[in-house]
Amino acid sequence: MAYQLLINFFLAFIWMFFTGTFTTSGFIIGYLLGLLVIFMMRRFFKNTDFYFIRVLKLLKLFLIFCRELVVANIEVLRLVLSPKLKIQPGIFRYHTELDAGWKVSWLSMLITLTPGTLVVQVSDDNKTLYIHALHMPDKESLKQDIYDNFESNIKEATS
Amino acid sequence: MEIFVSIIIGVLTMSAVYMILSKSLLRIIIGTGLLSHAAHLLVLTMGGLKTGAAPVLVDGVTEYTDPLPQALVLTAIVISFGVTAFFLVLAYRAYQELNTDNIEEMKGTESND
Amino acid sequence: MNRKNDQVNDVILQTAAVIIFFIIIVFSINLFFAGHYSPGGGFIGGLMTAAALVLLLLAFDSKTLADVLPFDYRKMTALGLAIALLTSLHSIFWDRPFLTHAYDKFDLPLLGEQTLHTAIAFDLGVYLVVIGVTMTIIQTIGESE
Amino acid sequence: MINLPIFPIVIPALAAIFLLFAPKQVRLQRGVALGALLVTFAVTVLLIFTVSQDGIMTVNLGNWPAPFGITLVSDMLSALLVATSTLLVFFIVWFATHYFSDAYESNYVYVAMLFLLVGVNGAFTTGDIFNLFVFFEVFLISSYVLIVLGGKGVQLRESIKYLLVNVIASALFVMAVALLYGTVGTLSLADLAQKIPLVENQSVITVIGVFFVIVFGLKGALVPLHYWLPGSYVVAPTPILAMFGALLTKVGVYSILRTYTLLFDGGSAFMQNFLIILAVLTIVIGMIGAIAYNDVKLIIIYNIMIAVGVILYGIALNTQTSLEGALYYLIHDMLIKAALFMLVGMMIGITKSGQLRDMGGLITRFPLFGWTFFIAALSLAGIPPLSGFFGKLLIVQGGVGEGSLFGPLLILLSSLFVLFSVIKIFLYGFWGEEKRVYDGPLVPYMNRLIVPTFLLVAVAVAYGFGAEAMHPFITQAIEPLVQPEIYIDAVIKE
Amino acid sequence: MLNIIIYVALAILVLAMLGMLYRVVKGPTTADRVIALDSIGIGLISVVSLLSILLDTTMFFEVILLLGILAFIGTVAFSKFLEKGEIIQHDRNNDL
Amino acid sequence: MTATMIYDILTGVFTIIGVFFTVVAAIGLIRLPDIYSRAHAASKSATLGVMFVLFAALLHVWVDQRIFDARLLLGLFFVLLTAPVGGHLIARAAHAQGVKLWDKSLQDALQEDKDKGIE
Amino acid sequence: MSVLHLAILLPLLAAPFIPFLFRALKRIHTGWFVLIVPVVLFVYFFRFIGITSAGDVVTETVEWMPSLGINFTAYVDGLGLLFALLITGIGALVVLYSIYYLNKDKESLGHFYVYLLLFMGAMLGVVLSDNMVVMYMFWELTSISSFLLIGYWYEKERSRYGARKSMLITVFGGLSMLGGIVILESIVGSFSIRDMVANQALIADSPFFVAAMILILLGAFTKSAQFPFHIWLPDAMEAPTPVSAYLHSATMVKAGLYLVARMSPVFQESSLWLWIIASVGTFTLFWGSFNAVKQTDLKGILAFSTVSQLGLIMSLLGLGAAALHYDGMDDNIYMVATIAAIFHLINHATFKGSLFMMVGIVDHETGTRDIRKLGGLMTVMPITFTIAVIGSLSMAGLPPFNGFLSKEMFLKATTKVFSMDFFALDTIGILIPVVAFIASVFTFIYSLIIFTRTFMGKAQFDRLPKQPHEAPIGMLIPPAILAILVVVLGFVPNVLSNSLIKPAVESIYPSLVASGQDVKVDIYFWHGITPELLMTIGIVLLGTLMFFTINKWMGIYNHIPHRLTLNGMYDGTLVWSNKAAYRFKDNYMTGFIRSYLVYIFLFLSGMMLFSMYRFDLFNFSFGEMEPVAPYEYVLGAVVILAALAITFMRSRLPSIILLGVVGYSVALFFVFFNAPDLALTQLVIETVSVALFLLVFYHMPEISKKEVRVKFKIENAIVSIFVGVTVTLLSFMALSNRSLSSISEYYKENVYDLAAGKNMVNVVLVDFRGFDTLFEIVVLAIAAIGIYTMIKFRTTERTKGAREHEPKK
Ligand code: NA
Ligand code: NA
């Protein structure tokens, strides 16, 4: 993916150099042209997918995240602002299948950013996340949500 | 505005002096920090507050706040930072050597005999 | 992994720190160059660069930082002072008062018309001193423990 | 060379910066520091002669017209003090190269000493009240570094007090500058002097002036702002102490001299009376202190206060004669105090104690040392024709000329206390029976230390004998103090 | 109109920050204080943003980013301080 | 209704939402029972609040001065990036310090594992 | 530089060569080289007699510091010449004597003769300088050389004690004299004594007249050992005997007399002058003789005797002033006092010089000076005995010696007091002859004691440290010469009359000389049966009676407790002043920085408020100002609350956090004040500072929870409120008085065109005021270096290279 990205940037600069337009718009045009070239040549890069697909997957992840952020924030709002605190917090374990530290980090950040859950600690082997939940009477469904919304998408985007 | 800030400066000075007169070295250093805040605010106040836009030239703006006190305060802030840092480390070293941060236990001995 | 017991997994911090480091560095360079025209300058730029370095220190450790960026910050301080002083000094060779800055507008390839100003060099001195000083202080204190 | 006034500041700074690159090379440190100081001194001599021929030199830094930039002003007063300070630091560093162990020398001691000189020379030269603050900070932070160097427990303890007082003083300095800027709207000393008469209510300026005197008085250890002085000075290593004693309090006194004559002399006698009271108190407390102790360092330290009080009295009178005296005395005291601190430092070095009861008979083994001390002591006491005399004479004359007897007689009486205190050191340290055997490698070592010390005393003696030769310079230095227009015109050229 | 909204918003923001300050002072644990401080830092960003709107200036946008950076570094430092007692480690794999 | 007015209204709305969330964060900080719960309020309600306000400022500058200010966008991104890390670190530090969960909490898996010596 | 100058400076110029001679030529006694100097000078000055006796003076001027009015004007008149001859003449004899007295192999003659020559030169300078500053310089040099000579055997505690005492007292006097000199200069506009004499009327009219007189007299009295300053003289006897003979009897102590004589023309018309000098002199005369009797050390007797004799001469100089108030022109009966003073000054030099040398011989040959051990030496030391008898009897005032003549004149002068109908002398002044009579009785007694107890009575040589025998001839020659002079002057006193005494007296009465009067000096033995002769007979009778009944009344001396004696007071003062000064310091220099700061803050606030009150600056008028926005009020409240809250915090973390709150709020204020650069900087600095606080204070203890005294808190609160209010009021004051506009307009107008920048603050920082910034970063750099060394370089931990200094190879 990095290789492809590099080539794309290189193409964008080449474009700017040829046209003599050293501006943001010049770069964007060059970039898009380069993207087109790479897409057409995608079979040339063996064993790897066209990188823009991954970008799209990441975009999807981001959108899901945004949705979760809003939905969950409203949920927290309800909890916090209700006259009587009806929360049942606690820390639970979440086993992840992600295989690299940075992926686990991203997952943790997403989990933490969405309300109601907060990663307290990552185990040494990067396999277990200790998550604090504001309201966890049904922790299995929480785990499932995390997996469905984030982990699976991260897997997909980075495989 | 200047009157209000002058009062703030007075309160800051007051707290600063109170802290400086206490026994704990930490409190004393905090006091010096407060005192320099007071001094810096005083410089700005003396230059006149909010008489115009931020002193960065922008087309069409003619009234700017006096840049000189700002520059002076900037210099003063940096200097007092350097000194405070030094002071802190001195306090730390003094604690290591003397095993106290109580200024009263650091009574001087101007020995005679 | 061979870690002592109290060393907990900092993977999240470290992952984020690397990204944030670059953001801060870019920001600090921007602050440094923008100084003459908008808020910023060598001083605040230097502090931001130092902040970026401190973030690495926090997320990793001083040995790691020293391996990656083998600077002697005391010498960096001295270098900064030398640059600032020599920049101030250059004018006396033209028999102008000390600290007289010179500037001119140049048309540079790629960058277009730019004002080159010896004040920038002076500010570079300030920038280096601030980094050097901040890092010297922090490293010295850090290592004393 | 229009930039001449900048060099006494820049050369030591360049040397110090250069030495920052090679902290562990002790020989390089010594050589560069001494070399730079010699060159600087040569420049200051050139500066003195240039100023004496062409009048006040000014440098509008950055080529910005005064009062918009910072202007350096080398009048004769500034040039003389800069030259004296540089020469002193040269001797002190020379002394230090033999005095300090390598561990000290490789821990930036010369760098800090050079920067201290930078600050002092800058303070003497600058023509801008805020820049004065900056230079104060330069020499203060250098002094902080020097005073804690070595990090013994007592040292750290007393350094805290020293720092604390000075940090407070610095904040007050900023406040004072703020009030002045708020009232007059400018920072250049000359411009201030020019605009202050335009301020509607002159008494506001007097009040701000009192604030400034208190700020500078804290540096100059004027009673009742002197409490920090004895304790913190006594813990500093000898060469450091020599620098502090000779230079730092004097900068405070210089600042009062400069601002009082230039800015705060108008309006009422309030200011003058205030200064006279401070001077008298300082002399009296100094006298009491000087006779109270049997610790050689402390004795000389309290003598600093006496000197400061005497000089301040001359300043306060603000007449041609008294100012001449104050300046004569100021330079004398810088030279001789440094020498005396070096001398008592050597005594401590030999006997391993600062207490007189542990000393005795030094003159038998070290005659040159003993006589050097004796001459220095007499000079400090103002025995003619040694250097202390003429300044004191002029100050006393100034006081009598103003119709006052109390001040002049007090100053004369203080000489007796000075003599009493330093002769005590001579009697019990140098005379008397030998308390220890001072053999071994100490002898050649002391013989090396005595060289810079002796030469410094010789300079002081020459200064006394050459009082006449100095006189034209002193007169020229006083001119802008008596007639501020000279200063103003030199800086603000219409 | 917008100015009034901003004014009111500013006032509310400051009040909210005062509430956070309550937590700073009250504690009870240091971590509570740190997190409240972090929030105040974030709140300051909002304050400066609103002030920029109010004063019609872009002069303070650097301040915004700076606040973010400082709040973050501050939080990291504080939590390291709390957790490890030292903020900067020499060599985390070998020392102690 | 001019475009400027619409933009102004949008700016106002974003501001109000942002401030609202900040207030929620403050209330959360005050009301919630333990440090871990409060960390939630701080690390997301506050974040969301500031993001809205920043967006309002971005919009305003864009409309008012025709500047799309990258610094604000960068700031937005930065807050988004750092908030979760900060929240995580504080919670972890508190736990390492031995700060107990609220007594009505359901479970503390981390403490269980620490006790077992796994973590 | 004239020959005269060279002559005066010759001893000083010769002094530096002495140590080299001493070291180079071990075999020859250094004294022989030194002797050349006084001999040559004596011969040189002797030639001046012709000039001065003709009423002329010699003046030579070397410009030294013309701009300060200090020139080395050598001035030889009768008075100066008399002293110059005494200094060089006695000097020559003393040097000769010292050659035999001091062993060249045991004593450090290199030092001794340097001091002696310094003294000789200094003394010549004193008596031959017209410029009073130059005279003062030489005056102090005599004190210093005396100090060095008294402390010659510096290992001995008594030597150091005596040296210090003499120096303190004489330098005190010297400084007083300097004060007087400066006052006189301020009146006359010149340091020249002749100018002062010429402007005597001007001085007399000055309001500072009395002050100047008293100050000058303090100089004279201390130097000439007048009561109560005489106490240094007996202790000065620790000096080697040649020194005692020279400095402490013949010359230095007479410098005070010289000064009084020299300044008489300036002051003597005042009644106070006469009164002070006459009464101090007379009392000293009594006190010295009274104390001499109880001494057991021969040198002690001589020391008090000298005090007494100096008092005598002093009183004569005082009484001589009456001459100016007497209208009878030609036979001025009061002038006899002055003539007697000058004559006795010479006589005293001869007999006291010989007596000191005699005592030196006794000491040298027997090893003691204690009259309780001595006795019967007459048989073994006949020559010495003869010298002693001549000297003593002359001192006692018996004929046919010179002492008799001058003593008679003295008594005559005192009786003249009866006829003085001015200055109230005819009433209370009657005490003067009475006291003089009593003193003379005691003088008679101790004079007898000197030679009877030493040379007569029972010999007890076994109690002496050495077996006594007559001294070597070289040692006897100098006292013998003096003794011969005693006799010769007794018989032919008038050899001196016109050559030395008359010119000297004329110097004292320039106004009389100017008015054409003639000083008649005619000294002769027999005046007939005069009151003074009757007094002398009475003295001899009463003295003899008392001498033989001495054991009956010696007890009176024991009734004065030591503490109340002047010596006791001197010692007590030194000890007490040291202790009291220390206790005083202890009381306010507590070593507590807090109390120091309280003083400093109180002084600051008190002074500022007082001066504002003094100038009535409390009515403020602010003019128009920007209104405060609501959010600014809120932020201000935050700052105030946080600042106040800090003072109540009892643990470190909240304190630091609150400090951060204040810092951040200040940064926010900077935003309000349109200071973006400041806001940026303040934010970062505040953060770094807080981080440093945490870093450092992690290792320090919690703030002590120990209950702090309420009083302490209240004190602190009062001081801090005081200071806070002061600062606010100062700010109000400045705000009310902003009449001038700032220089900043210049930056706004020129920042882009001339400095190519837009951010004014930044351009000010790197360009307009780049110099500030340059040294601001220097401050930062030094701070960092300091922090580095503070942590890395600890002498306490390592031993190697840890000491401040150590010997180097
Ligand atoms: Na050395
Ligand atoms: Na060495």
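Reckoned from all heavy atoms, side chains included, excluding hydrogens, waters and symmetry mates. Every chain is numbered from 1, with letters handed out A, B, ... down the list of sequences.
A heavy-atom distance below 4.5 Å is found between the side chains of E/Glu83 and F/Arg92. Side-chain contact between F/Phe78 and E/Leu65: present, with at least one pair of heavy atoms (C-beta onward) separated by less than 4.5 Å. In this structure, E/Ser46 and F/Val19 have side chains that are not in contact, with every pair of non-hydrogen atoms separated by 4.5 Å or more. Side-chain atoms of F/His60 and E/Leu2, non-hydrogen and from C-beta on, do get closer than 4.5 Å to each other. Inter-residue side-chain proximity for F/Leu89 and E/Thr75 is flagged as unmet; no heavy-atom pair is nearer than 4.5 Å.
Heavy atoms closer than 4.5 Å to chain E are found in both the backbone and the side chain of F/Val23. Looking at E/Leu66, there are no atoms closer than 4.5 Å to chain F (heavy atoms on both sides), in backbone or side chain. The parts of E/Ile35 that come within reach of chain F are both its backbone and its side chain, each placing non-hydrogen atoms under 4.5 angstrom from that chain. The contact between F/Thr82 and chain E is made by backbone and side chain atoms together, counting heavy-atom distances below 4.5 Å. Heavy-atom distances place the side chain of F/Val61, and not its backbone, under 4.5 Å from chain E. Residue E/Thr29 touches chain F through its side chain alone, counting heavy-atom pairs closer than 4.5 Å. Only the side chain of F/Ile16 comes within contact range of chain E, judged by heavy atoms closer than 4.5 Å.
Summarising the local packing, CZ of F/Phe55 is surrounded by 12 or fewer heavy atoms from other residues, nucleotides or ligands at distances under 6.0 Å. More than 12 heavy atoms of other residues, nucleotides or ligands lie within 6.0 Å of CH2 in F/Trp102, so this atom counts as buried by the packing criterion.
Taking chain E as the reference chain and counting heavy-atom pairs below 4.5 Å, the highest number among F/Ala39, F/Gly75, F/Ala25 is found for F/Ala39. Chosen from F/Leu58, F/Val53, F/Leu81, F/Val79, the residue pairing most often with chain E at heavy-atom distances under 4.5 Å is F/Val53. Of the listed residues (E/Ile40, E/Asp38, E/Leu18, E/Ile69), the one with the most heavy-atom contacts under 4.5 Å to chain F is E/Ile69. Among the candidates E/Leu50, E/Val34, E/Leu67, the residue making the largest number of heavy-atom pairs closer than 4.5 Å to chain F is E/Leu50. Between chain F and the residues E/Ile6, E/Leu15, E/Thr30, E/Thr58, the largest count of heavy-atom pairs under 4.5 Å involves E/Thr58. Chain E forms more heavy-atom pairs under 4.5 Å with one residue of F/Val99, F/Leu54, F/Leu72 than with any other, namely F/Leu72.
Shortest non-hydrogen contact noted between E/Ala31 and F/Ala94 is CB-CB, 3.7 Å. Considering all non-hydrogen atoms of both residues, E/Leu82 and F/Ala93 come closest at CB-CB, 4.0 Å. The two residues F/Leu29 and E/Ser39 come nearest to each other via the heavy atoms CD1-OG, 3.6 Å.
With rounding to the nearest 0.5 angstrom, the CG atom of F/Leu76 is 9.0 Å from the OG atom of E/Ser49. Taken from CD1 in F/Ile30 to OH in E/Tyr22, the straight-line distance is 7.5 Å, to the nearest 0.5 Å. Distance check: E/Ile42 CD1 to F/Leu48 CG gives 12.0 Å after rounding to the nearest 0.5 Å. Of the inter-residue distances, the one linking F/Leu74 atom CG with E/Phe61 atom CZ reads 13.0 Å to the nearest 0.5 angstrom. One finds the CG atom of F/Leu32 at 8.5 Å from the CZ atom of E/Arg23 (value rounded to the nearest 0.5 Å). Between E/Leu13 atom CG and F/Thr15 atom OG1 the span is 9.5 Å, to the nearest 0.5 Å.
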Verdict with reasoning, E/Phe78 to F/Ile90, per side chain to side chain contact (heavy atoms under 4.5 Å, CB included): CA-CA 8 Å; E/Phe78 263 118; F/Ile90 294 171; over 6 Å; no
